[in-house]
Visitor: 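Please read through the structure below; I'll follow up with questions.
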Amino acid sequence: MPEVTTAHYVVLSAVIFAVGLFGVVTRKNAVIILMSLELMLNGANLAFVAFSRHHGNLQGQVFTFFVIAVAAAEAAVALAILIALFRLKGSVTLDDVTELRG
Amino acid sequence: MNASVLHLMLPEIVLTVAALGVMLWDLWLPAGKKSPLGWASIAICIALFALTFLPEVAKGGTGLAGCFTVDPLALFFKRAFCVTGFLVFLISREYVDDLPQGQGEFYTLSLLALLGMFLCSSVADFMSLFVSLEVVTVSFFVLAAFRRERTTSVEAGLKLLVIGSLSAGILLYGIAFVYGAVGSVSFADIRHYVATGHIEPELLMGAVLIFLGLGFKTSAVPLHVWVPDVYQGSPTPVTAYLSVGSKLAGFVLVVRCLTVFAPPGGELSSELTAFFALVAALTLVYGNLGAIPQTNIKRLMGYSSIAQCGYILIGIAAASASQFEGNTSGLSGALFYMAAYVVTNLAAFAVVLIVAKATGSHEIDDYAGLARRSPMLGASLACALLSLAGVPPFIGFFGKFMLLGSSFDLAHPELLWVGAIGFVTVVIALYYYLLVVKRIYVFEPRSPEPLAVTGRMKVVLVLAVAALIFGGIAPGFLVRSATEVVDQLALAAAR
Amino acid sequence: MDFLSLFVIVPAVAALVLVLVPERQKALVSAIPALAAATCLAMAIWLMKGAMTGGEEWLATLTPPRIPWVESLGITWSVGCDGISAAMVLLTSIVLFAGSLVSIYAPSTHTGIGDRPKTFFLLFLALVTGVYGVFLVRDLFFFYFSYELAVVPMYLLIGVWGSKDREYAAMKLTLYLTAGAMVALAGILFLYFRTWEVLGQATFHMDDVLAASKLPAFNAPMHGVDFQNTTFALLFLGFAAIVPMWPFHTWSPIGHAAAPAAGSMMHAGVLMKLGAYAILRIAFPSCPSGAAHWLPWVAIISMANIVYGGYVAMAQRDMKFVIGFSSSSHMGYTLLGLASASVMGVTGAVFLMFAHGVMTALAFALIGFFYDQTHNRHIPDLGGLSHQLPFIGTCFALMAMASAGVPGFANFASEFMVMLGAWQAGFKWQAVIAVFGVVISAVYLLRAVRDAFFGPRNPRWDKIHDAHGLQKLPYVFLLAVLLVFGCYPKPITDVIEAGVKPIVEAVQATTEFKGNYADRIEIAEGKR
Amino acid sequence: MDRAPLLAYVTLFAPLAATVVITLFTLKHKALSGFLALAGIVTGLVCTILLATDVFAGTKFPPHEIDWLSVGGITLKFGVMVDSLSVLMSLVVTGVGSCIFLYSTGYMKGDEGYSRYFACLSLFAFSMLGIVFSTNFVQTFIFWELVGVSSYSLIGFYFAKPSAVDAGKKAFLTNRIGDFGMTCGILLLFFTLAEHGISTSLSFAELAPIFHDAAKHGLDPYSGTLALAAFLIFTGAMAKSAQVPLHVWLPDAMEGPTPVSALMHAATMVAAGVYLVARTYFLFFNYHDALEVIAGLGAVTALLAACMAFVQNDVKKVLAYSTLSQLGYMTLSLGLFGPGAAMFHLTTHAAFKALLFLGAGSVIHGCHHEQDMRHMGGLRKLMPVTAWTFIIGSAALAGIFPLAGFWSKDAILTTALHESRVLFGVGLVVAFMTACYMGRAYLMTFEGEYRGHAKVHESPATMTIPLVVLAGLSIVAGFFSLPIGFLGREHPGALDHMIVGPGGPAWFPGILEDHFNLMVAAGGTLAAVLGIIVAWRFYGSRAWSIESFTATIGPIHRWVVNKFYFDEVYLWIVREIQQRVADVCAWFEKNVLVQGVVKGLSDFTRWLGYLVRLMLDGHLHRYVTMALFGIVAILAYLGMRN
Amino acid sequence: MEGLSFWVGGTLTVTAGMLAVTRRNAVASVMWLVAAFMGMAVLFFGMDAAFLGVIQILVYAGAILVLFLFVIMLLNLTPSALVRIDRPRAKVLGLASAGFFVTMIVVVAMGSQAWTTGEKAHRIGSSAGPRASDVLPVADQLFEQHLLPFEVASILLLVAIIGAVVLTKRKV
């Protein structure tokens with residue numbers, strides 16, 4: 001098993017980020033899209049922590065802490081919007097949310 | 001924490017307290033009698049504006065372990081944000097007073113967004129940057145979806161949210177790369193690192209991802225995709241606020257990051273110049289072309305907002321190319337233009353609000369004969385749009401002149417092509433703005449009854465138009481302040 | 001405030017005052033612009049009189065010190081006046097005066113400015129402010145500022161108060177001219193930054209640019225291309241759109257046709273002259289070798305203007321289109337005069353700008369007069385109008401004569417000067433074609449006069465009235481101007497020549513000139 | 001200022017003053033307008049007579065000039081040249097002019113545009129005098145054009161009549177074509193001389209000595225360029241003096257009021273071309289090729305016009321073609337080194353042709369605007385004064401001894417005989433034809449039975465007095481040429497003395513020394529008498545049938561009746577070439593430039609706008625995909641830069 | 001130890017993440033996402049970031065995802081409502097863009113000398129050595145070095161609270 005370097009973690013984080021992206025692009029369900037966005041943030045978090053270890057300082061870890069806080073805030077607002085949407089439309093499918101276009 | 005930090009942060013502290021105060025006061029005011037909140041918010045903006053001139057604040061400095069800095073750039077933008085808030089709150093009253101509920105929350109969130117903007121202009125490391133930016137962004141998620149009983153508003157909120165989160169991810173990834181390359185998130189450290197000649201691809205990639213992520217706020221291609229939809233769907237005061245406040249918050253960070261990634265002597269800047277040139281060109285073309293077939297004024301303003309971002313990016317590209325040395329008219333032009341943009345755009349939105357209130361429509365066709373129904377509204381909107389189009393004697397003309405001019409500096413010929421595209425798009429822009437002006441002046445009104453304008457709005461319009469013209473004829477003062485800001489930045493960046 | 005700045009300030013202040021006057025005060029609303037116009041005319045006459053007696057030296061004494069405006073960019077408010085400017089200012093004042101009178105004394109108010117006169121005059125004055133600015137400022141930034149300021153109000157003037165196709169015409173005109181201005185701005189910026197490089201100081205002042213252009217470093221190639229050739233081409237092409245040079249002329253006839261009378265007058269009379277003036281004022285002196293490089297081509301294109309414009313005019317049936325295309329044909333002479341790069345030709349070109357401005361203002365005023373009542377400009381529908389409109393008919397015939405280059409009117413003298421200049425520059429065939437162009441212009445103008453004004457009385461137009469009393473004033477005034485300067489052109493040509501001479505001599509001093517104008521004859525020295 | 005230039009200026013500007021005053025102030029006061037105009041021209045006449053006393057006495061005046069325009073080393077001047085030539089011409093213009101002005105006050109009575117008429121007529125007098133006194137080519141050209149303008153305004157005087165307006169337009173445009181050549185000629189002349197460093201002046205007084213002594217000034221006297229310039233300048237004269245093929249306007253110009261035809265299209269304006277060539281003869285003298293062409297053109301014009309005069313029924317048209325023919329005569333003389341003879345004929349012709357026109361005008365006036373000779377006849381008894389003066393005029397035109405025409409025609413024929421026998425023959429034939437068609441005209445108008453319906457009356461005194469005066473002139477004008485002692489060759493004739501005498505132009509070939517040739521006189525007279533006899537046989541006694549004659553010559557007659565198809569050719573050029581070119585240009589403008597390029601560009605931009613708009617179709621996932629692609633593309637672009 | 005955590009945690013995160021974004025049933029997605037976050041926690045632990053690992057489980061898995069679950073239940077997002085999830089074209093495009101993005105990052109990351117050599121760089125700001133499981137250095141960072149973001153984060157949460165309330169209050 002080769003030695004695990006920072007680059008390995010970066011690649012892994014990119015893969016996780018990409019999985020999130022994939023979800024955002026392909027899913028129609030707004031809830032799943034939100035979850036995919038969370039996954040993307042986690043990808044970035046991984047990179048931060050890996051770099052934190054790489055550089056031997058804790059800024060990356062602290063940054064991750066804030067990212068989690070931001071993610072929580074975003075999730076709260078996002079879910080509130082989804083609820084509002086659901087109340088109006090009866091669904092949270094993106095195909096129903098195309099009134100604004102052009 | 002010592003007293004000097006408290007002095008430095010006085011506007012932010014006042015703003016926080018005020019926002020919370022407004023939130024609490026709301027609980028005491030009976031429903032339907034919420035207009036004092038609006039007056040209070042306006043007063044807060046005036047007070048903040050005054051506070052920025054307090055010697056303790058104005059002299060600048062850093063605090064909070066180097067995370068918070070007050071320099072001329074921050075002050076310039078803070079003042080611009082005060083004006084933004086002042087005008088937005090003033091024109092919002094036309095709209096918010098009619099809301100069935102939630103006035104208190106509206107003002108609180110708007111004030112908190114303003115706080116986010118204030119923080120954005122003062123941050124000195126990427127951690128604070130990210131969090132402050134998110135304060136602005138999340139506030140706007142809520143504000144955009146504020147009319148939750150309307151599908152368009154909620155749709156706008158959702159679209160803003162998804163693209164916003166995506167761009168936050170991009171931004172984060174960029175910051176991560178920069179952090180990975182440098183080992184610090186502090187601006188000073190990174191600037192020092194860049195200035196000493198490191199140009200690793202990961203650093204470049206990080207920087208580019210950061211600027212791309214910030215492009216969400218400034219509505220630059222390719223993360224501009226939310227702009228037209230959200231502008232159209234959001235409540236009109238929010239659109240106004242979004243178009244100015246959110247954009248400026250993005251730009252102050254862009255400028256700030258530019259001092260980090262393109263300091264004198266740094267070798268990253270040629271790549272960044274190419275990047276900005278490309279993005280500016282794409283943004284210009286996209287915004288201006290997309291605006292041509294629009295029939296909804298708010299959507300038109302959305303595309304126009306993208307286009308304006310493109311012009312500012314020309315100046316940013318020139319700043320990146322000149323690396324705060326020699327001719328810095330690109331950056332000062334960008335700052336000038338942003339300040340001009342505040343007044344111009346808000347004047348336009350004021351008219352949009354009034355017309356929407358009277359006619360209930362945002363269709364451009366309903367602006368037919370506006371100058372007949374209300375000469376004042378017609379003239380104000382026409383002036384604002386022509387200023388956006390860059391026509392003398394309005395302030396937008398001078399801004400565009402500086403920005404486009406900066407791209408023709410023979411010292412960095414690689415920007416010539418962007419300048420050329422800028423010139424072409426100026427003509428296109430004039431076309432679609434004139435389409436609106438045509439409806440205002442040339443077409444006959446659909447219904448002849450005059451539009452009423454409240455005294456308050458009359459004052460706003462007269463002031464705004466006067467500012468547009470005065471700023472266009474005598475731009476010296478504003479240019480001087482912008483130039484001073486840039487000079488200070490150059491000094492700081494060279495350190 | 002100095003005298004020259006007053007030309008810009010008077011209309012601007014009048015516009016500001018007008019903003020404050022309520023729309024109901026109709027008398028005041030028309031009195032203010034008329035007063036401003038009269039003031040400007042008086043000042044312009046005084047200026048020209050001074051220039052005739054005192055020459056360039058006297059004009060130079062009028063130049064006030066520069067007022068810094070935006071220091072960091074080197075923008076100053078600086079005005080100045082030479083012979084060319086003096087002539088153009090006089091032209092502007094004349095057309096402004098006549099245009100205000102025509103607007104005020106319009107026989108009916110239907111297509112006149114009965115609708116929202118305040119806004120009309122406001123825009124009109126804004127436009128005039130810009131025009132004066134272009135002719136007087138000596139700072140490239142303010143030059144461009146004024147140029148754009150003069151272009152854009154035209155959109156509304158045409159769009160709101162115009163006639164058929166006004167929306168299309170207004171949009172086309174504005175976009176075309178703005179596009180041209182953009183190209184020219186590129187050239188201006190090149191000059192600006194090159195001057196900055198050479199002098200080490202940001203300045204938009206034309207004198208500084210000229211001073212820099214004398215230094216060898218100014219001409220250093222710009223990334224492989226010749227600096228002057230590129231810059232001149234940009235400046236020329238940009239400003240040529242408003243001249244209007246073929247094939248960029250298509251905005252002009254329809255623009256004229258759609259505009260209201262005073263708008264057309266201002267537009268064809270003065271606005272179109274901005275282009276040639278700008279070329280002469282900026283492109284020639286700053287890029288003399290670029291001028292010498294490109295001008296032979298301009299001489300060829302100007303033929304397209306003259307002949308093509310003339311023939312298209314011949315095929316038109318709308319009176320305003322006839323005059324519109326004839327304008328683009330006549331401006332070909334101006335281009336040819338500029339292309340000759342000789343004192344005679346260029347002076348002729350400037351004088352032609354003056355003469356054509358007055359003539360075409362007269363033409364559009366006259367057309368406006370009868371169109372106001374007939375609501376018809378289709379020439380075959382008219383006919384015999386002289387029976388009902390003897391005064392207007394006579395004026396129109398005289399205008400046609402002036403336009404067709406009949407001696408006695410200033411147009412003849414100027415066109416003849418252009419021909420002399422062109423031949424002198426070695427453009428013999430161009431000169432011959434230019435002479436032929438005069439024949440063409442006579443064909444369509446006489447035809448227009450015949451079909452519209454002569455022939456049996458047409459009872460359809462029995463209801464319309466001829467001009468009477470004060471209504472006649474603007475027409476008589478414009479005709480008198482044409483005749484006075486046409487009968488004795490020396491005073492004004494002397495003034496113009498003094499302004500033209502240094503500009504042309506700079507071009508003639510270049511090596512490029514000696515290569516391109518090998519055939520040129522040193523008439524003055526009688527060499528060879 | 002000296003007395004002479006001052007008088008010349010007064011002569012020149014008095015009619016202009018009349019024009020200005022009439023236009024500005026007295027349009028409503030008809031009588032006053034007429035008086036002012038008459039006063040203007042009579043003032044001119046008086047001044048000219050005063051000048052003539054000096055000039056013909058041999059006083060020499062330098063030209064008086066001021067700078068009209070002076071730019072870039074080229075100076076154009078304006079001034080007056082007082083010499084025998086100009087004074088002679090001025091005498092013709094003001095003299096005949098005064099008669100005609102006076103005549104007009106009667107003829108135009110009651111016309112709506114009375115004041116306008118006199119304004120235009122005075123303007124014409126001013127323009128014509130401007131040519132006469134001109135000192136240089138440019139000034140000549142300026143007044144040349146002004147003459148065209150006043151001619152336009154007077155031909156089209158009855159602007160309600162489309163034919164009149166068209167005739168005016170035709171005259172103006174035909175003259176414009178001539179002026180086109182003239183301008184080119186002036187430019188070519190000026191710059192050729194300037195190029196060779198010979199002269200930068202266009203003044204006659206300065207150029208004449210140069211051409212006279214070409215070698216001394218380094219001038220190539222046989223330069224083709226200068227010959228071309230000379231010929232081009234002549235094209236101006238060709239148009240104004242209505243030489244083939246630019247003659248087509250003159251017959252149509254008869255649409256104007258008859259006094260106008262008399263003054264301009266018979267006596268003075270059309271003679272301007274001859275005057276111009278005479279004035280600038282120094283230019284032509286060296287260029288024999290140019291002169292040969294001129295002579296040929298003159299001969300052809302004289303011949304063709306005489307032919308066409310036979311078939312006209314409109315009395316004014318007959319006179320018009322006769323004028324054409326006589327102008328051809330003068331031109332012939334010019335081409336044969338006889339400017340003096342040409343000027344002589346010009347002078348006499350002015351008198352008797354004006355007389356004829358005014359006589360015709362009187363007839364027309366008397367017949368209530370009937371111009372067709374077929375509806376006249378027998379008018380001699382009804383209008384005796386008119387008839388007798390008409391006879392004098394016709395005889396003078398025909399060249400009957402001792403009337404004016406005899407002497408001048410004789411001078412031309414002598415010149416012709418001296419240079420070319422062929423052209424002399426042409427001259428004789430034309431002389432015969434002239435007598436013949438004038439006989440026809442007289443006989444059809446005044447003899448036989450009255451064939452019209454309107455009541456005929458003799459004209460008022462204002463009209464008959466000029467007739468009598470001009471008849472007197474037509475009788476005596478020729479005697480001026482008589483040498484003292486009749487055969488004494490060493491004493492040239494008075495006219496000759498005037499022209500080439502000390503007060504004459506700087507350099508000018510005089511009337512030939514062997515001025516009077518008995519053979520020529522006899523030949524000419526014989527031809528004229530023959531012509532009259534033939535006319536009498538056809539129209540007087542009706543011994544010969546005109547119908548059978550026309551049938552005999554068939555195709556020739558058709559050609560003549562159709563005026564040799566000149567008008568058709570021009571019409572074809574105008575319709576098929578000029579208008580087609582105009583249509584093609586207009587088509588190109590509309591469909592290629594406007595609809596094609598400009599609209600194409602704007603449509604393309606708008607289409608791009610729609611395309612961009614389509615990108616945002618409301619589907620969020622597409623937005624995200626687009627954004628991602630954008631980011632990837634930008635990163636790839638930057639990656640590729642490295 | 002570290003290698004093991006990388007491979008185990010990495011595999012778990014990626015697999016579970018992929019499953020989470022592809023499940024039709026939203027509840028299943030959430031459950032898989034919980035698994036993925038657990039994998040992340042494993043990775044954090046492996047990198048001596050125990051504090052973060054705990055936070056990850058507590059906040060993400062414990063709070064945020066439970067919130068998601070609540071909402072899903074609240075909205076009654078039955079699988080039947082989610083039948084049409086496939087977007088063939090979008091899938092290709094999404095895959096392609098995501099793939100490009102990753103490729104680019106990988107190329108840059110693998111090209112970086114510093115990151116691939118495995119040695120721990122100590123360049124800037126590495127005053128305190130990483131004493132992994134200790135919370136104190138993190139606290140120092142949070143409350144001393146990065147107090148501003150910490151405070152701002154609280155405002156952010158306040159915004160979120162107000163927002164959530166204003167958007168979901170019953171009465172419209």
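These numbers come from the heavy atoms of this one structure, side chains and all, not from hydrogens, waters or symmetry mates. In what follows, every chain begins at residue 1, and chains take the letters A, B, ... in the order their sequences are listed. These figures come from a predicted structure and were not determined experimentally.
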Visitor: By a 4.5 Å heavy-atom criterion (distance strictly below it), what part of C/L73 contacts chain B: side chain, backbone, both, or neither?
Guide: side chain
Visitor: Taking every non-hydrogen pair under 4.5 Å, which of B/R480, B/M402, B/K438 racks up the most with chain C?
Guide: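 Answer, by heavy-atom pair count under 4.5 Å with chain C: B/K438.
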Visitor: Could you tell me which portion of C/E197 (side chain, backbone, both or neither) has an atom closer than 4.5 angstrom to a non-hydrogen atom of chain B?
Guide: side chain
Visitor: B/F443 versus chain C, heavy atoms under 4.5 Å apart: side chain, backbone, both or neither?
Guide: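 The side chain, not the backbone.
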Visitor: Would you say that B/F398 contacts C/V70 through its side chain, given a criterion of any heavy-atom pair below 4.5 Å between the two side chains?
Guide: yes
Visitor: Taking the side chain as everything from C-beta on, heavy atoms only, tell me whether B/V479 gets closer than 4.5 Å to C/E71.
Guide: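 Answer no - side chains too far apart.
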Visitor: So which residues of residues 174-189 of chain C are in contact with chain B at a heavy-atom cut-off of under 4.5 Å?
Guide: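 Within residues 174-189 of chain C, the residues that come under 4.5 Å of chain B (heavy atoms only) are C/T174, C/L175, C/T178, C/A179, C/M182, C/L185, C/A186, C/L189.
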Visitor: Could you give the distance from OG (C/S72) to CD (B/E484), rounded to the nearest 0.5 Å?
Guide: 10.0 Å
Visitor: Between C/Y192 and B/F401, does the ring centroid distance fall short of 6.0 Å?
Guide: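 Judged by ring-centre distance (under 6.0 Å), C/Y192 and B/F401 do not meet the cut-off.
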Visitor: Check whether C/W196 reaches the backbone of B/L410 with its side chain - one donor and one acceptor, N or O, closer than 3.5 Å.
Guide: no
Visitor: Is C/V160 in contact with chain B via its backbone, its side chain, both, or neither, using a 4.5 Å heavy-atom distance?
Guide: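 Looking at C/V160, backbone and side chain both touch chain B.
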Visitor: Among B/D409, B/V437, B/T483, single out the residue with the greatest number of heavy-atom pairs under 4.5 Å to chain C.
Guide: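 Sorted descending by pairs with chain C, the first entry is B/D409.
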Visitor: Could you please state which residues from residues 420-430 of chain B sit under 4.5 angstrom from chain C, measuring non-hydrogen atom to non-hydrogen atom, sorted by number, or 'none'?
Guide: B/F423, B/V426, B/V427, B/L430
Visitor: Looking only at heavy atoms, what is the nearest atom pair of C/G159 and B/V442, with distance?
Guide: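 Closest approach of C/G159 to B/V442: O-CG1, 3.2 Å.
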Visitor: Spell out the residues in residues 124-142 of chain C that have some non-hydrogen atom less than 4.5 Å away from a non-hydrogen atom of chain B, in order of number; otherwise answer 'none'.
Guide: C/F141
Visitor: Centre-to-centre under 6.0 Å for C/Y144 and B/F397, is that the case here?
Guide: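 Yes.
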Visitor: Does the C/R116 side chain pair with the main chain of B/Y441, one donor and one acceptor, at a distance under 3.5 Å?
Guide: yes
Visitor: Check whether any side-chain heavy atom of C/F190 sits under 4.5 Å from a side-chain heavy atom of B/L416, and report yes or no.
Guide: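 Counting from C-beta outward, C/F190 and B/L416 do come under 4.5 Å.
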Visitor: Considering all heavy atoms of both residues, which atom of C/W69 and which atom of B/P475 are nearest to each other, and what is their separation?
Guide: NE1-CD, 3.9 Å
Visitor: Taking ring-ring contact (aromatic ring centres under 6.0 Å, His included) as the definition, give me every residue that meets it alongside B/Y432, ordered by chain and number, with sequence neighbours left out.
Guide: none
Visitor: Identify which of B/P413, B/G476, B/S329, B/A411 forms the greatest number of heavy-atom pairs closer than 4.5 Å to chain C.
Guide: B/P413
Visitor: Answer with side chain, backbone, both or neither: which region of C/R194 has an atom nearer than 4.5 Å to a non-hydrogen atom of chain B?
Guide: both
